[in-house]
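Single-structure report; data block below.
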2 protein chains.
Amino acid sequence: MVQTETSRAGRQKLVKKAEVILEGAMQEFLAHGYAATSMDRIAAAAGVSKATVYSHFQDKEGLFTTLIQRLAQERYRTIFDPQHPQSLQGEPRIVLRRLATEILDNSIEDQQFHDFMRIIVGESGRFPQLARIYVQNLAKPVIEILGQYLASHSELKLPDPEAAVRVFIGTLVYCVIFQELLHGKKILPMERERLIETLIHLIVPENL
Amino acid sequence: MVQTETSRAGRQKLVKKAEVILEGAMQEFLAHGYAATSMDRIAAAAGVSKATVYSHFQDKEGLFTTLIQRLAQERYRTIFDPQHPQSLQGEPRIVLRRLATEILDNSIEDQQFHDFMRIIVGESGRFPQLARIYVQNLAKPVIEILGQYLASHSELKLPDPEAAVRVFIGTLVYCVIFQELLHGKKILPMERERLIETLIHLIVPENL
DNA sequence: GTCTATACATCGATAGAC
DNA sequence: GTCTATCGATGTATAGAC
């Protein structure tokens, strides 16, 4: 019993060490960006020594890419990928409003997600593989699923459903980038409800 | 004559010194971002000593903000602000296609503009005043002018012209961000013509 | 005014004690 | 496995020669 507990504690400690380091790295990288973050500050934020950081991760770049991949794959997947596939069941007017509301609600208030997007865009020139992960894991699923949905609803009479998806998603994502990341809401505010209603008005014919 | 030429040469040299430094700073900052750029490399790129850089600019932050302000105000103003006000004269179908084509053509191929946008977004948390300049000088003019245009064309029957502008601009800007900055065109390509035609189809009624 | 040389701090990464 | 101590390189910024 004691052996088992000790063994479990030891294994948990191993697991938690890397986890604690990743948490400290997330805090520092998201706050200061890649280049301005030092391994010393990461170690301090995680409460371990710098040598311990290097025993779990090859170097700064490896720690950074591992962190961003985890954030993209595990945490923020739920923001754009509708966690409830059944949410795409129903008539377009309701489905589109629910999807747009879900995306905006999950993105606008999440300060950590803003920092994540700032890094993805800001480092997309020097870390193209991270931008690729964003495209592959976050953007592609919702674009394809919504594309299938719009294409299957011929009553919308959309000549190019795939392009219409880009209008829908582009409007919502640029809303977050412009209003929140770039602080545009202080200068040119735009209520999210007006945006959502306008998108629905443009995409869904009046008689539906 | 000789005096005048000497005087002119001296004055030009003064002006050109700061200009040369800004050009080297632009090269380095746009390529490597703020934190990863060193004053040594800026001085080397400009062909001057580091002390000369500090004699023209207070510090690294001052040089950076001065540079980004200049880029936003002088160079990239022409990208989003339609340089020809008369380009907004005419029927919506033609005006919107011309405006969208102009914005995309000027943004998609311009690698330097991509780096500029990466920095604006990537540093918008630590340099909010630079994001503010982008909003104020690049985004606000076109949003307001296009808003007036859409509002004045009541035959479009848009319930909320201001929100429709966000759809139009958001679609185009996110197209550039997604396809070019984030390298999305390799994974999920989308021809700009399809996007433009879809925007027009959604905003302009068929009988116009 | 512009240079060389340098002060001083901090960087990423590692060696060796335990 | 994790720590302390440290290496060599590089960072920002400045002093002093000319």
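Values below: all heavy atoms of this structure, side chains included; hydrogens, waters and symmetry mates excluded. In what follows, every chain begins at residue 1, and chains take the letters A, B, ... in the order their sequences are listed.
- Using a 4.0 Å cut-off between charged side-chain N and carboxylate O, E197(A) and R194(A) make no salt bridge.
- The NZ atom of K16(B) sits 14 Å away from the P atom of dT2(C) (whole-angstrom rounding).
- OP1 or OP2 of dC3(C) sits under 4.0 Å from a side-chain N or O of S49(B).
- Of the side-chain N and O atoms in H56(A), one or more sit less than 4.0 angstrom from OP1 or OP2 of dT2(D).
- Ion pairing between R70(B) and E19(B) holds under the 4.0 Å rule for side-chain N and carboxylate O.
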Can you give one letter per nucleotide of nucleotides 13-18 of chain D, going 5' to 3': B for a protein heavy atom under 4.0 Å from the base, S for sugar-phosphate only, - for none?
BBB---
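- Side-chain atoms of R118(A) come within 3.5 Å of backbone N or O of L181(A) as a donor-acceptor pair.
- Counting to the nearest Å, the C1' atom of dT14(C) and the CZ atom of F57(A) are 18 Å from each other.
- Counting only distance, with no hydrogens or angles, the side chain of K186(B) and the backbone of R132(A) share no donor-acceptor pair below 3.5 Å.
- Residue E180(A) places its CD atom among more than 12 non-hydrogen atoms of other residues, nucleotides or ligands, all under 6.0 Å distant.
- Between R192(B) and E109(B) there is a salt bridge, since at least one side-chain N of the basic residue sits less than 4.0 Å from a carboxylate O of the acidic one.
- Remark: S38(A) is in phosphate contact with dC11(C), judged by side-chain N or O atoms under 4.0 Å from OP1 or OP2.
- Residues F116(B) and I68(B) form a side-chain contact, since some pair of their non-hydrogen atoms from C-beta on lies under 4.5 Å apart.
- Computed from coordinates, the L63(A) CG to dG12(C) P distance equals 11 Å when rounded to whole Å.
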Residues F168(B), L150(B); criterion side chain to side chain contact (heavy atoms under 4.5 Å, CB included); working and verdict:
CA-CA 11 Å; F168(B) 187 83; L150(B) 291 184; 5.8 Å; no
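- Helix bend of the helix from dG1(C)-dC18(D) to dC18(C)-dG1(D): the angle between its two end axes, each built from five pairs, comes to 10° after rounding to 10°.
- Rounded to a whole Å, the CZ atom of F64(A) is 16 Å from the C1' atom of dG12(C).
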